[in-house]
Amino acid sequence: MNYLDELNPSQKEASTQIDGPMMVIAGAGSGKTKVLTYRISYLIENNIDAFNILALTFTNKAAGEMKHRISQMIGGNESKNIWMGTFHSIFARILRIEHEKIGYPSNFTIYDTQDTKSLIKTIVKEMGLDDKLYKPNVVYSRISSAKNNLISAQDYLSRVEIMAEDRSSGRTRLGDVYLEYQSRCFKSGAMDFDDLLFKTNVLLHQNPDVLLKYQNKFKYILVDEYQDTNYSQYLIIKSLAARFENICVVGDDAQSIYSFRGANIENILNFKKDYPDYNLYKLEQNYRSTQNIVNAANSIISNNKNQIEKKVWTANEEGELITVLKSFSDNEEGKQIANDIFNIKNNEQANNLDFAILYRTNAQSRSFEEAFRKLNLPYKIYGGLSFYQRKEIKDLLAYFRLTANNNDEEALKRIINYPKRGIGKTTLDKALVCANQNKTTIWNVLENPMSFGFNCNSGTANKIDSFISMIKSFKAQLTTKNAFDLAHEIAKSSGVLNDLYSDRTPEGIVRHENIQELLNAISEFSESQSNETNLQVHLTDFLIDVALLTDADSEKEEDKDKISLMTIHAAKGLEFPYVYIVGVEENLFPSQLSLNSRTELEEERRLFYVALTRAKKKAVLSYAVSRYRWGNFTSCEPSRFIEEIDEQFLDIQVPTSKISTFSKPNNVRKDFANEKIYNTNRNLKKVSTIKNQKLDNSDLDKIKIGTEVNHEKFGKGKVVQLLGDTPNVKATVYFPSSGQKQLLLKFAKLQILN
DNA sequence: CCAGTACTTAGGTTG
DNA sequence: TAAGTACTGG
């Protein structure tokens with residue numbers, strides 16, 4: 001137990017309270033994760049069974065890091081028995097076990113945000129509502145915040161104040177959309193992210209026996225980032241902890257930056273009401289940053305009215321002043337900072353990974369990317385599109401999903417005509433209407449068209465039939481083949497692999513590689529699982545949590561030593577020796593949309609606090625006086641946040657040179673000239689290839705499988721397949737130059753060769 | 001069915 | 001500016 005010696009007195013007190021409710025208010029950089037991991041280890045050393053511990057985090061990454069640290073302290077085998085993970089993954093696991101109690105199949109699909117928005121769009125269209133008024137984003141956020149406050153669709157429709165809100169915004173039918181959305185999800189055997197928490201609440205409240213079972217299981221509960229929990233999460237924790245009240249929550253009200261998503265700081269402030277005999281621990285010593293940084297951060301956060309009193313302090317050295325950097329434009333901001341980093345690297349032997357650029361919006365990354373490339377500084381952008389959200393990955397996953405759960409409407413819509421198999425929008429819309437009329441799923445309609453009075457022409461019927469048969473044949477292999485073999489089989493037989501392989505553009509090659517990477521991931525997953533259980537791993541096992549995965553933890557080796565570019569939200573929980581907070585301007589940071597209310601402005605200020613407290617050694621605040629936004633130049637003023645910092649901590653720089661405005665005008669002009677010539681050449685080429693051919697309809701009948709043809713754009717090719725009846729014959733033609741294409745003969749103007 | 005064009009819209013983002 | 005969707009002509 002010598003590890004307890006590594007803790008300061010308050011950390012130690014917090015780590016060694018075994019029983020009873022407790023709250024830890026942990027200032028930035030005060031060793032919050034350390035307390036959590038040490039406390040769990042301490043519990044286990046004091047004979048608390050690891051099976052009785054539940055540890056909830058906000059991100060996969062946080063859960064992963066904590067697991068890793070604990071397994072180093074107490075050994076891997078014991079630490080595996082702790083239920084540790086995000087709210088969503090833990091409660092999805094419980095819902096799959098208890099699925100019968102809420103009427104869902106155990107292999108229910110988890111809809112991600114894209115699926116959700118797509119379904120909302122479909123419903124808004126079906127109900128004949130104005131899609132300008134009922135934008136997917138707006139509808140989704142209304143539904144989501146209702147769910148996070150445990151308001152069901154029925155409750156929503158009966159709440160006077162909510163109805164009044166929707167009436168005043170003109171969206172009187174929003175409650176009906178919510179109702180239909182829930183019923184569609186239920187029919188499809190699907191839950192969205194918010195449902196995972198909502199249904200857990202329903203499960204626990206309607207089934208006292210289930211509640212008791214998990215209360216007895218989770219005798220010790222720990223919650224990280226408590227300031228970011230919403231009402232739905234709060235109530236789950238409260239219910240589970242009600243029997244033993246061995247609950248430990250850790251958070252920092254000053255770092256609450258997700259209230260726009262339903263997070264509720266009140267949960268921290270109300271803790272003492274729920275558990276009057278709780279113990280409060282404050283971690284106030286910052287081990288991360290210099291005095292100047294800590295003091296500057298304190299001086300800015302003191303402008304917020306709503307906060308728990310605490311004094312964050314540090315015993316670290318005073319350190320350098322915080323530099324305030326002015327630029328004339330966003331491009332110059334990038335160049336100045338790139339130069340600065342270049343110099344520090346040379347003078348102080350710093351690594352790339354010691355630097356981070358933090359911005360308010362993703363769009364700001366561009367000028368830095370350009371400047372870093374020019375100086376050959378390696379960088380990595382965090383955020384953006386994750387691996388599992390890429391189109392090709394989602395497509396293949398949709399095949400897996402539909403195979404596991406035939407009623408998954410969003411999966412079916414995604415792939416019924418990908419790769420192109422001639423089941424178009426018209427057919428799909430007709431099937432959807434039919435399914436709604438018969439209160440069933442599209443799958444059922446397509447599987448049994450006759451019994452639902454669904455008719456279409458024989459060609460389409462055949463295509464639908466072979467699609468259904470294909471999925472069924474995959475389904476038959478769910479329990480006979482292992483995950484990797486079936487996944488590979490589906491990728492091949494569905495035509496996805498071929499479709500991507502035929503695209504030889506650089507983007508197409510990347511897509512093909514991504515599919516290979518997904519297959520590799522499944523293979524790795526199978527191996528890691530089967531080692532433990534010695535059973536065959538099935539595709540459904542892989543599918544279970546795939547919607548909850550993010551690729552934050554899939555960092556590649558070659559990405560290790562790079563400058564980090566990310567939004568401040570993404571930087572939460574991280575630290576860097578050198579931090580550049582950029583675009584510190586009014587209307588950008590704080591964001592324009594936050595200026596209407598005190599609460600939103602205070603959240604921006606907390607965001608700034610988070611940004612500043614990421615820095616260990618040196619922080620730079622940078623602003624530009626003009627910035628390119630949405631296609632034109634806007635002039636900017638420095639942010640109020642700079643003024644709010646006590647001046648004694650700042651070193652305000654006056655720009656010495658206008659790097660971008662006057663340097664090398666000749667080169668710029670030359671580049672521009674080259675660009676123009678290049679464009680002109682391209683246009684000429686394009687014009688010269690356009691030929692005007694007359695097409696003779698009588699020739700169409702002469703085209704057979706194997707006929708060699710010429711196409712005005714794709715060049716020479718060979719007919720592989722013919723589908724449909726005249727005059728709507730569709731030909732599949734293989735062009736050596738551009739791959740396989742499907743063309744309607746009456747439009748394609750094919751020239752018969754030979 | 002495919003591909004090009006006209007038009008719209010723009011925040012931060014864990015699961 | 002850039003990206004995404006809806007429409008249209010071949």
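Here is how names work: the chains are called A, B, and so on, in the same order as the sequence lines, proteins then strands, and each is numbered from 1.
Here the range on DNA chain C touched by chain A, meaning any atom under 4.0 Å from one of its heavy atoms, is dT1(C) to dG10(C).
Note on K420(A): a side-chain N or O is less than 4.0 Å away from OP1 or OP2 of dC2(B).
When the P atom of dG15(B) is taken as reference, atom NE2 of H569(A) falls 14 Å away, rounded to whole Å. In this structure, D112(A) atom CG and dG15(B) atom P are separated by 13 Å, rounded to whole Å. Between the NZ atom of K572(A) and the C1' atom of dT13(B) there is a distance of 12 Å, given to the nearest Å. The OH atom of Y258(A) sits 8 Å away from the C1' atom of dG12(B) (whole-angstrom rounding). When the C1' atom of dT14(B) is taken as reference, atom CG of D194(A) falls 11 Å away, rounded to whole Å. The separation between Y418(A) atom OH and dC1(B) atom P is 15 Å, rounded to whole Å. Between L574(A) atom CG and dT14(B) atom P the separation is 12 Å, expressed in whole Å.
Taking the centre and axis of the six-membered ring of Y111(A), the NZ or CZ atom of K117(A) falls outside the cone set by 45° and 6.0 Å.
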Tabulate protein N/O versus nucleotide N/O from nucleotides 7-11 of chain B, keeping only pairs under 3.5 Å, one per line.
{"unit_1": "dG11(B)", "atom_1": "N2", "unit_2": "R360(A)", "atom_2": "NH2", "d": "2.9"}
{"unit_1": "dG11(B)", "atom_1": "N2", "unit_2": "S591(A)", "atom_2": "OG", "d": "3.0"}
{"unit_1": "dG11(B)", "atom_1": "N2", "unit_2": "E604(A)", "atom_2": "OE2", "d": "3.4"}

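Partners of F641(A) according to the ring-ring contact (aromatic ring centres under 6.0 Å, His included) rule, which considers only residues two or more places apart in sequence or in another chain, are F589(A), F608(A). With sequence neighbours left out, A411(A) forms a side-chain contact (heavy atoms from CB on, under 4.5 Å) with A398(A), R401(A), L402(A), D408(A). Evaluation of the salt bridge (charged side-chain N to carboxylate O under 4.0 Å, His left out) rule for E392(A) yields no partner, not counting sequence neighbours. Take Y134(A) and apply the ring-ring contact (aromatic ring centres under 6.0 Å, His included) test, not counting sequence neighbours, and it matches no residue.
Here dG12(B) is the nucleotide among dT14(B), dG12(B), dG15(B) with the atom lying nearest to any side-chain atom of T567(A).
L196(A) contributes atom CG, which lies 9.0 Å from atom OG1 of T86(A) (distance to the nearest 0.5 angstrom).
Residue F368(A) forms a side-chain contact (heavy atoms from CB on, under 4.5 Å) with just one option from N331(A), I357(A), D330(A), and that option is I357(A).
In this structure, Y104(A) and F108(A) have perpendicular ring planes: the angle between them is above 60°, well past the 30° mark.
You cannot call F58(A) stacked on the base of dG15(B); the centres under 5.5 Å and planes under 30° rule is not satisfied.
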Give the C-alpha distance, both sets of side-chain angles, the deciding distance and a yes or no for side-chain hydrogen bond (donor to acceptor under 3.5 Å, both in side chains) between D192(A) and Y140(A).
CA-CA 11 Å; D192(A) 64 22; Y140(A) 178 45; 5.7 Å; no
